[in-house]
Amino acid sequence: MIGDDGHKYGEIGTDEGRAIAEEKGLDLVEVSPEAKPPVVKLMDYGKYKYEQQKKAAEARKKQKVIEIKEIKMRPTIDDHDYDVKMKAMRRFFDDGDKVKVTLRFRGREMAHQHIGMELLTRIQRDTETYAKMEQYPKLEGRQMMMVLAPR
């Protein structure tokens with residue numbers, strides 16, 4: 001048995017351990033049941049659980065949830081619009097988020113999918129210093145998409 005202040009009582013009986021715990025107003029908690037003999041500790045179990053809960057809440061507060069932001073474009077995007085989208089993408093990467101780039105094809109643009117592929121490779125080239133490709137471009141219906149993740 002180990003006391004609440006770290007004092008080692010040595011091997012004592014269960015009843016005697018319970019009596020000491022009751023006398024001090026603490027709980028008798030089994031720390032290592034596999035050991036021979038089992039190791040128990042005197043502690044305020046309610047306080048211990050409260051502190052564990054606080055630690056878990058603190059850890060949750062500090063962790064960053066990675067979101068997937070989506071940037072939608074058309075294959076015929078103009079240079080200035082492209083630059084604006086790239087600035088937004090850079091901001092998302094700086095925040096630690098992933099970016100899903102979606103190209104939407106309309107009408108006869110479906111016949112010129114190579115233009116969309118060229119645009120996606122241009123995006124990949126422009127962002128390769130601070131982002132890596134997580135999902136290669138693929139065509140799903142009338143849209144082509146790829147996913148980029150921050151380095």
Is it true that, when you exclude E22 itself, more than 12 heavy atoms of the residues, nucleotides or ligands shown sit nearer than 6.0 Å to its CD?
no
If you round to the nearest 0.5 Å, how far is OG1 of T76 from CZ of R106?
9.0 Å
Got K100 and Q135 here, is their nearest side-chain heavy-atom distance under 4.5 Å?
no
Side chains of L119 and M144 in contact at under 4.5 Å (non-hydrogen atoms)
no
Check this for me, if you would: do D94 and R90 make a salt bridge, where the nitrogen-to-carboxylate-oxygen distance has to be below 4.0 angstrom?
yes
Determine whether a donor-acceptor pair (N or O, by modelled atom type, separation under 3.5 Å) exists between the side chain of D97 and the backbone of K69.
no
Looking at residues at least two apart in the chain, or sitting in another chain, which of them share a ring pair (Phe, Tyr, Trp, His ring centres under 6.0 Å) with Y82?
none
Measure the shortest side-chain to side-chain distance between D27 and Y48 over non-hydrogen atoms and say whether it is less than 4.5 angstrom.
no
Would L103 and M117 satisfy side-chain contact (heavy atoms from CB on, under 4.5 Å), going step by step from the backbone distance to the final call?
CA-CA 9 Å; L103 276 184; M117 199 61 187; over 6 Å; no
Is there side-chain contact between Q124 and R122, with at least one heavy-atom pair below 4.5 Å?
no
Does a side-chain heavy-atom distance below 4.5 Å link I12 with I20?
yes
Flag if over 12 foreign heavy atoms under 6.0 Å of NE2, H80
no
Please tell me if the side chains of E51 and K54 come closer than 4.5 Å, counting only heavy atoms from C-beta onward.
no
Applying salt bridge (charged side-chain N to carboxylate O under 4.0 Å, His left out), which residue pairs with at least one partner in residues 129-143 are found, sequence neighbours left out?
K98-E134, K138-E140
With a 4.5 Å cut-off on side-chain heavy atoms, are M1 and E16 touching?
no
Indicate, with yes or no, if F93 and V65 share a hydrophobic cluster defined by side-chain heavy-atom contacts under 4.5 Å among Ile, Leu, Val, Met, Phe, Trp and Tyr.
no
Could you list the cluster mates of V84? Members are the ILVMFWY residues connected by side-chain heavy atoms closer than 4.5 Å, either directly or through other members.
none
Non-hydrogen side-chain atoms of M43 and D4 separated by less than 4.5 Å:
no
Atom CE in M89, atom OG1 in T127: separation rounded to 0.5 Å?
7.0 Å
Can you check side-chain contact (heavy atoms from CB on, under 4.5 Å) on K85 and I123, steps first, answer last?
CA-CA 10 Å; K85 299 278 188 184; I123 292 169; over 6 Å; no
Show your reasoning for whether side-chain contact (heavy atoms from CB on, under 4.5 Å) applies to I2 and V31.
CA-CA 10 Å; I2 301 170; V31 179; 5.9 Å; no
R104 atom CZ: more than 12 heavy-atom contacts under 6.0 Å:
no
Atom CE in M73, atom CG in D78: separation rounded to 0.5 Å?
12.0 Å
